[in-house]
Each structure stands twice: as C-alpha cells, then as structure tokens.
Visitor: 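Please see the structure below; I have some questions.
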Number of protein chains: 2
Amino acid sequence: MTKENVCKHKSILEISEKMPCEEKLYDVADLFKVFGDCTRIKIIYGLFESELCVNHIAQLLNMTQSAISHQLKTLKDARLVTSRREGKEIYYALADKHIKNIFEQGYKHICEKE
Amino acid sequence: MTKENVCKHKSILEISEKMPCEEKLYDVADLFKVFGDCTRIKIIYGLFESELCVNHIAQLLNMTQSAISHQLKTLKDARLVTSRREGKEIYYALADKHIKNIFEQGYKHICEKE
DNA sequence: CTTTCATATGAGCGTTTATTCATATGAATA
DNA sequence: TATTCATATGAATAAACGCTCATATGAAAG
C-alpha cells in the first residue's frame, strides 16, 4: 500500500471530507435496517396495495397479531408508516413516496443479478 | 375486524396475489439488510468517490483490516461490489448504478423527516 | 524457491433482533 | 359505567450479526 494514503487520484483525507457526517450515515443505515427484514418487507408490499389494519396484515402474512404490532412499531418509529383510527380498527398506510422508489431500485438490482 | 377479510376495497386474497413471490421478498430483504450497517454504508460512500483497496478503506474508517475484509465479503456476496487485483493490492468498486439511486432515495427520506 | 505483504477466513464473544407469550391499554358500544 | 375487542407492550428466548484475534492464503518480489 502506498505510504502517502493516496488511492488513485484522491487522498484518503479528500475522500473522508466528501463523506456525509457520521450522524447522517447512521441515519441512512438505520433506515435501511428497517427494510432488511422479510416481515417488514411484506408489510410494506401489502401497504403498496391498500391501507390495512393490524389484523388484516396478520392474516395476509399468516403471523400473530403481536408480531405484526411489534413490527409496525418499528416501521412507525422510522416514519415509514402512518396510522389512523377508524372505529375499533387502526389503519396503517405508507408515509411517503420515497419508499416505493427505494423498493423499485432494490427490486431492479436483485432481478438483474441473481 | 370484518369477517370477510376485506379491507376497504380489496380482499386479503387479492392483495396476497399481487405481492411478489416469497423468494423475491427474501431477496429484497437480504439486499437491504446489507445496507443496514453503518460500516458497510461508509464503505459504499467511500466507493462513491473512488475505487479503494482494503487498507485504504480501513484507514478511511479507522477500523481493522480484518473487520473491513469481512464486510467486503458481505458486500461482494450481495453483488454490490466488484474487485480486481493490481500488484499486491485488491481494489474494490461499486458493482452497479442502482446502488447510488437507492442511496439517493434513502438520503432524501431521512433529510425530509428527521 | 523463499520471503514478504495485502488480503481472506474461522472461531469466539458480546450485542442486537424477531418472535412468542402473557398481559395492559383504551376507544367504541351496549 | 361496564364490557368488548383491536391493538400495544414488556419480558424472555433463540437466532443472527459485527468485531477481534489468530492464522491461512496466495500473488509479487527478491
């Protein structure tokens, strides 16, 4: 390895300065961490189709209400879903349009390669 | 909850039929799982700037060569990076353009919200 | 061929995470 | 107000994960 910390045309320091700050990097990692679980992925794909209440999601994924509820909390903490009450049920929906874009890119990647 | 498994205008079955198959869903989750770690995020941001060899990355992130090497294996298994030898060093680079798009969307999400 | 040096790898350890089970909460309705 | 029912939550457990340490690999240089 070069002693001057130079890789090709850029120094390590130069690259370091162009990186987003530590906090943003953690935020990005935390966001993708939420997408990195199959149960949550399924919930999100379900919500692409329609608003859904907890029990509908539990049926759709064939999982317990509790498991879904825990995961919805994770999704809500990451501001990926919103909820609203309607009668006795609480309906969940996707929070913003970036989510679909992110998934489209991800889907392209796996389809092209594997 | 409705007894007919109907949420708004769509039945659970109808939504279920529109979901990608189980295998694809797992692949998508596995892809995002790779993005869900701050060390790997930093490596990827470094590679946005330049091809880098293992020791450069270790310096950039101030981490051990071994830790970086393990993470590069994860990234390579997910087909997110490629490698090529040049003399004694092995240079890593990003594998495709989707990666930058995914990050741009993710970055927008965190900037808008938190 | 031998040595060197960058990188890769396997085992071990502590931490995080997803699910389950039992139970709490709290809005709607009777 | 009391009951019901959908949802939320806390503790416990098992699995997955990231890092470290020691060591292996293998191409390049001597």
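Numbered from 1 within each chain, the chains take letters A, B, ... in sequence-line order.
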Visitor: Atom NZ of A:K33 and atom C1' of C:dT15: how far apart are they, to the nearest Å?
Guide: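 Answer to the nearest Å: 11 Å.
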
Visitor: For B:K24 versus A:I110, what's the shortest heavy-atom pair and its separation?
Guide: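 That closest heavy-atom pairing would be O-CD1, 3.8 Å.
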
Visitor: B:T64 near the nucleic acid: base, sugar-phosphate alone, or nothing, with a heavy-atom cut-off under 4.0 Å?
Guide: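 Counting heavy atoms under 4.0 Å across all strands, the contact made by B:T64 is with sugar-phosphate only.
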
Visitor: Hey, does the side chain of A:R85 come within less than 4.0 Å of C:dG26's phosphate (OP1/OP2), counting only N and O?
Guide: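 A:R85 to C:dG26 OP1/OP2: no side-chain N or O under 4.0 Å.
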
Visitor: Among the candidates D:dT7, C:dA18, C:dA8, find the nucleotide nearest to the side-chain atoms of A:D37.
Guide: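 So the nucleotide nearest the side chain must be C:dA18.
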
Visitor: Measuring from the side chain of A:N55 (C-beta onward, heavy atoms only), which nucleotide among D:dT7, C:dT17, C:dT7 has the closest atom?
Guide: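 Between D:dT7, C:dT17, C:dT7, the one nearest the side chain of A:N55 would be D:dT7.
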
Visitor: Atom CG of A:D77 to atom P of C:dT17: distance rounded to whole Å?
Guide: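 Atom CG in A:D77 sits about 12 Å away from atom P in C:dT17.
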
Visitor: Could you state the atom-to-atom distance from CD of B:E89 to C1' of D:dG26 in whole Å?
Guide: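 That distance rounds to 15 Å.
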
Visitor: State the pairing partner of C:dA30; accept Watson-Crick or G-U wobble contacts with both distances under 3.5 Å, and report none otherwise.
Guide: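 D:dT1 - that is the nucleotide pairing with C:dA30, both distances being under 3.5 Å.
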
Visitor: Rounded to the nearest angstrom, tell me the gap between atom CD1 in B:I57 and atom P in C:dA6.
Guide: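 Going from CD1 in B:I57 over to P in C:dA6 covers 15 Å.
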
Visitor: Expressed in angstrom and rounded to an integer, what is the separation of B:R84 atom CZ from D:dG26 atom C1'?
Guide: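 Taking atom C1' of D:dG26 as the reference, CZ of B:R84 is at 18 Å.
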
Visitor: Students often get this wrong, so: under 4.0 angstrom with heavy atoms, is A:T74 touching a base, only sugar-phosphate, or nothing?
Guide: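 A:T74: no heavy atom of the nucleic acid under 4.0 Å.
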
Visitor: Does the cation-pi check pass for A:K100 over A:F48, that is, NZ or CZ under 6.0 Å from the six-membered ring centre and within 45° of its axis?
Guide: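 Yes; both conditions hold, so A:K100 lies above the ring face of A:F48.
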
Visitor: Give a yes/no answer on whether the side chain of A:Y91 brings an N or O atom under 4.0 Å of OP1 or OP2 in D:dT7.
Guide: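 No, because none of the side-chain N or O atoms of A:Y91 sits under 4.0 Å from OP1 or OP2 of D:dT7.
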
Visitor: To the nearest Å, give me how far apart CZ (A:R40) and P (D:dA16) are.
Guide: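 The distance from CZ of A:R40 to P of D:dA16 comes to 15 Å, rounded to the nearest Å.
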
Visitor: Would you check if the side chain of A:R40 reaches a backbone N or O of A:V34 as a donor-acceptor pair within less than 3.5 Å?
Guide: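 Yes, the answer is positive, given that a donor and an acceptor are paired below the 3.5 Å cut-off.
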
Visitor: With a cut-off of less than 4.0 Å, is there a side-chain N or O of B:Y92 near OP1 or OP2 of C:dA8?
Guide: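 B:Y92 to C:dA8 OP1/OP2: side-chain N or O found under 4.0 Å.
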
Visitor: Quiz question: going by heavy-atom distance under 3.5 Å, is there a donor-acceptor pair between the base of C:dC21 and the side chain of A:S66?
Guide: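 Yes, a donor-acceptor pair under 3.5 Å.
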
Visitor: Looking at B:Q105, B:H109, B:K108, which hits side-chain contact (heavy atoms from CB on, under 4.5 Å) with A:N101?
Guide: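 When B:Q105, B:H109, B:K108 are each tested with A:N101, the side-chain contact (heavy atoms from CB on, under 4.5 Å) holds only for B:Q105.
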
Visitor: Can you check whether any acceptor in the base of C:dA8 is under 3.5 Å from a donor in the side chain of B:Q65, or vice versa?
Guide: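 Result: at least one qualifying N/O pair found.
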
Visitor: Rounded to the nearest angstrom, tell me the gap between atom CD in A:Q71 and atom P in D:dG10.
Guide: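 Rounded to the whole Å, the gap is 16 Å.
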
Visitor: Would B:H70 count as stacking on C:dT9 if stacking means ring centres less than 5.5 angstrom apart and planes tilted under 30 degrees?
Guide: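 Stacked: centres under 5.5 Å apart, planes under 30°.
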
Visitor: Which nucleotide wins on minimum distance to the side chain of A:K88, given the candidates C:dA28, D:dG18, D:dA8?
Guide: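 Of the candidates, C:dA28 comes closest.
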
Visitor: Does the side chain of A:I102 come within less than 4.5 Å of A:F32's, by heavy atoms?
Guide: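 Yes; the side chains approach each other to less than 4.5 Å.
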
Visitor: Please report, rounded to the nearest Å, how far the P atom of D:dT9 is from the CD1 atom of A:I68.
Guide: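 Distance check: A:I68 CD1 to D:dT9 P gives 15 Å.
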
